[in-house]
Visitor: 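Have a look at this one.
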Amino acid sequence: MLRRTVLAGLTTGLAAGRASAQAYPSKPISIVVPFAAGGPTDLMARIVGERMAKELGQQFIIDNTTGAAGTIAVGKAARAAPDGYTVSIGHVGTHAANGTIYKNLNYNLLTDLEPIVRLPQNPLLVVSSEQVPAKTLKELVDHLKANGDKVPGGTAGLGSASHLGALAFFGATGTKFQLVPYRGTGPAMQDLVANQIQVMIDQSANSLPQVRAGKIKAFAVTSKARNAAAPEIPTAAEAGYPMDVSIWHGLWAPKGTPPEIIARLNAAAIATLQDPDIRRRMEDLGQDLPTAAEMAPAAFAAFHKQEYARWEKILVAANVKVE
Ligand code: MLT
């Protein structure tokens, strides 16, 4: 008798779960964005969220939860109900490097979040305010060699993309600049345009529009090849400082989110990145789009794990950590 009741309860629970997955989504979905509005991750969330809403028939609400290079936002998303109504957006910094840099995270980036989909990746640009006395990367490096510790540079915190970019830049050029932390490179860009800070190694999606508007200077791109959206900007390697850093983004859900819901979100994201208007917008910002195969949840999970291990090696060797 007891056994029959338990089984009945289980079947009802499973049926309810299956029913809610079939009815998903029945209300707006929140995207927890780990950086300030106006920056590249926020822009990615808005472009993708707006178009996925058309696929799923429910709005995506942008929840900018900033601070500590995204670790607060990711923790919030990891602890959310696994019902498909909270997703976490982030990148190589927030969802890989931070697992090595921050020793006391109260979540595990590889096991407490379900990979939904890999999103586009963009290179970083070496940029400065108009006032910096340099026209080439070599001149900028010489300027930093002479004045580095006095030159304020913007980042979005230890472990952010702009910080990982700065680390790679320091390694490739043998220079340094001050690391001034912001809640995102959106607000940092305002200060760069105003010459409150003077350099930044920032995602092309955030810097290119300002470069095109003539408000800041670009010296190099950190990818191996020039970027199709800005073929006039040389690679750092062309100037004698080989670098190969690109910033990939992704979407995750709290652990335990039903696979049917992950599949719905994944399909909506793939349709989004197959939309010609979205592709044009992303490519215009210097973004490289993943293939549909690379966007499959299992392929993204494998890529995420591999990137986690790759950055762990780099950061442990560089002894970059926050106790
Ligand atoms: C942002 O959206 O502000 C960036 O992704 C921050 C960063 O990681 O540099």
Side-chain angles (χ1 to χ4, degrees), residues 31-49 62-77 87-102 105 109 118-128 152-170 177-193 197 199-210 216 218 221-223 243 245-252 281-282 285-288 307-308 311 314-315 320 322:
I31 302 189
V32 185
V33 179
F35 298 107
T41 303
D42 178 74
L43 182 61
M44 178 72 72
R46 288 173 197 275
I47 295 176
V48 168
I62 303 291
D63 168 5
N64 297 92
T65 298
T66 62
T71 57
I72 297 171
V74 179
K76 179 178 179 178
V87 298
S88 169
I89 192 166
H91 55 42
V92 59
T94 55
H95 286 70
N98 280 355
T100 299
I101 292 175
Y102 291 85
L105 288 182
L109 285 168
R118 182 173 167 181
L119 294 174
Q121 74 178 42
N122 63 156
L124 297 155
L125 296 184
V126 179
V127 292
S128 84
T155 80
L158 297 182
S160 65
S162 39
H163 175 233
L164 301 180
L167 291 177
F169 179 79
F170 296 160
F177 53 73
Q178 295 169 4
L179 297 175
V180 182
Y182 288 79
R183 289 180 171 275
T185 53
M189 182 55 72
Q190 288 165 15
D191 275 5
L192 188 71
V193 169
I197 54 172
V199 284
M200 191 151 66
I201 317 297
D202 184 34
Q203 292 169 66
S204 65
N206 195 46
S207 288
L208 265 184
Q210 304 300 332
I216 60 171
V221 61
T222 63
S223 45
M243 292 172 71
V245 186
S246 282
I247 305 301
W248 53 266
H249 277 81
L251 280 181
W252 290 259
R281 235 178 128 184
M282 291 285 186
L285 294 167
Q287 301 273 10
D288 294 326
E307 283 286 286
Y308 190 100
W311 279 96
I314 295 168
L315 294 162
V320 179
V322 174

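Both counts, for ligands and for their atoms, begin at 1 and track the order of listing. Side chains included, hydrogens not; waters and symmetry mates left out as well; all remaining heavy atoms used. Predicted model only: the values in this text are computed from it and were never measured.
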Visitor: Heavy atoms only: give me the nearest A68-Y102 pair and the separation to one decimal.
Guide: O-OH, 3.9 Å

Visitor: Write down, by chain and number, every protein residue that brings a non-hydrogen atom to less than 4.0 Å from an atom of ligand 1.
Guide: F35, G39, P40, T41, H91, A156, S160, A161, S162, G184, T185, Q203

Visitor: How are the rings of H95 and W252 set to each other: parallel, tilted or perpendicular (split at 30° and 60°)?
Guide: parallel

Visitor: Only one of L285, V33, V48 passes side chain to side chain contact (heavy atoms under 4.5 Å, CB included) with L43; say which it is.
Guide: L285

Visitor: Just checking, any donor-acceptor pair under 3.5 angstrom between side chains of N98 and T71?
Guide: no

Visitor: Enumerate the salt bridge (charged side-chain N to carboxylate O under 4.0 Å, His left out) contacts for residues 35-48, please, sequence neighbours excluded, ordered by first and then second residue.
Guide: D42-R46

Visitor: Under 3.5 Å, is there a donor-acceptor pair between the S207 and D202 side chains?
Guide: yes

